[in-house]
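Everything below concerns the one structure shown next.
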Amino acid sequence: MVVAAIIRKGDKLFATQRGYGEWKDWWEWPGGKVEEGESPEQALVREIREELSAEINVDKYLCTIDWDYPDFHLKMHCYMCSLQGEALHLNEHEAARWLEKETLDSVKWLPADELLLPTIISEL
């Protein structure tokens, strides 16, 4: 199980570009795997701290995405989040952008992350 943070600041959302692996250069919502003994919310706070050196508030559960990639099944719990400060540092990603509703389709999303777009748009 993995978790994803849809980090919102005003009308903008923070998206990250993968810098490694089979899906290098595709865009995703930041997050990662839930470790044993963690709640999804705890995992999200830890993952964002590790990936972006940032502290977040987990504001609202959005939905769970189930998606079959060629090599594995993904179950991703998605949450609306907000930053506690302004600092963001890319520790693992190649690039990042703040996207507005009108520009969400300007990047090449990972398939499971793209599935989330209608739900996110309805939240804005």
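Counted within 6.0 Å of NE2 on His73, heavy atoms from surrounding residues, nucleotides or ligands total more than 12; the atom is thus considered enclosed. A 6.0 Å sphere centred on NZ of Lys60 holds no more than 12 heavy atoms belonging to other residues, nucleotides or ligands. Counted within 6.0 Å of NZ on Lys24, heavy atoms from surrounding residues, nucleotides or ligands total more than 12; the atom is thus considered enclosed.
Closest non-hydrogen pair, Pro30 versus Ile7, comes out as CG-CD1, 4.3 Å. When all heavy atoms are compared, the tightest approach of Gly32 to Glu47 is CA-CD, 3.6 Å. Val3 approaches Met76 most closely through the heavy-atom pair C-CG, 4.4 Å. Considering every non-hydrogen atom in both Cys81 and Asp59, the closest pair reads C-OD2, 3.3 Å. Nearest heavy atoms, Ser39 versus Gln42: N-OE1, 2.8 Å.
Comment: Arg8 does not engage Glu123 in a salt bridge, judged by the lack of any side-chain N to carboxylate O separation of less than 4.0 angstrom.
In the hydrophobic clustering of this structure, Val34 groups with Ile48; members are Ile, Leu, Val, Met, Phe, Trp, Tyr whose side-chain heavy atoms approach within less than 4.5 Å, directly or through other members. A continuous path of ILVMFWY side-chain contacts below 4.5 Å connects Leu74 to Leu117, so both sit in one hydrophobic cluster. Leu44 and Leu88 fall within a single hydrophobic cluster, where Ile, Leu, Val, Met, Phe, Trp and Tyr are joined by side-chain heavy atoms under 4.5 Å apart, directly or via other members. Hydrophobic clustering, with ILVMFWY side chains joined whenever heavy atoms are under 4.5 angstrom apart, groups Leu62 together with Leu99. Following chains of ILVMFWY side-chain contacts shorter than 4.5 Å, one can reach Trp23 starting from Ile65, so the two form part of one hydrophobic cluster.
For the atom pair CG of Leu116 and OG1 of Thr64, the computed distance is 10.0 Å after rounding to the nearest 0.5 Å. Rounding to the nearest 0.5 Å places CD1 of Ile56 at 11.5 Å from CZ of Arg46. In this structure, the separation between CD on Glu35 and NZ on Lys33 is 9.5 Å, given to the nearest 0.5 Å.
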Step-by-step side-chain hydrogen bond (donor to acceptor under 3.5 Å, both in side chains) determination, Ser53 to His89: CA-CA 6 Å; Ser53 298; His89 184 268; 4.6 Å; no
Stepwise side-chain contact (heavy atoms from CB on, under 4.5 Å) check, Lys9 with Phe14: CA-CA 8 Å; Lys9 184 165 67 172; Phe14 190 73; over 6 Å; no
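Between Arg18 and the choices Glu28, Glu92, Glu51, Glu94, the salt bridge (Lys or Arg N to Asp or Glu O under 4.0 Å) rule is met once, by Glu28.
Between Leu52 and Asn91 there is no side-chain heavy-atom pair separated by less than 4.5 Å. With a 4.5 Å cut-off on side-chain heavy atoms, Tyr61 and Pro40 do not count as touching.
No donor-acceptor distance shorter than 3.5 angstrom exists from the side chain of Trp29 to the backbone of Leu13, with no hydrogens or angles considered. Without hydrogens or angle criteria, Asp113 side chain to Trp27 main chain gives no donor-acceptor distance under 3.5 Å.
A perpendicular orientation is assigned to the rings of Trp67 and Tyr69, their planes being inclined by more than 60° (bins at 30° and 60°).
With sequence neighbours excluded, the residues satisfying side-chain contact (heavy atoms from CB on, under 4.5 Å) with Glu100 are Asp11, Lys12, Glu102, Thr103.
Both tests hold for Lys108 against Trp26: distance to the six-membered ring centre under 6.0 Å, angle to the ring axis within 45°.
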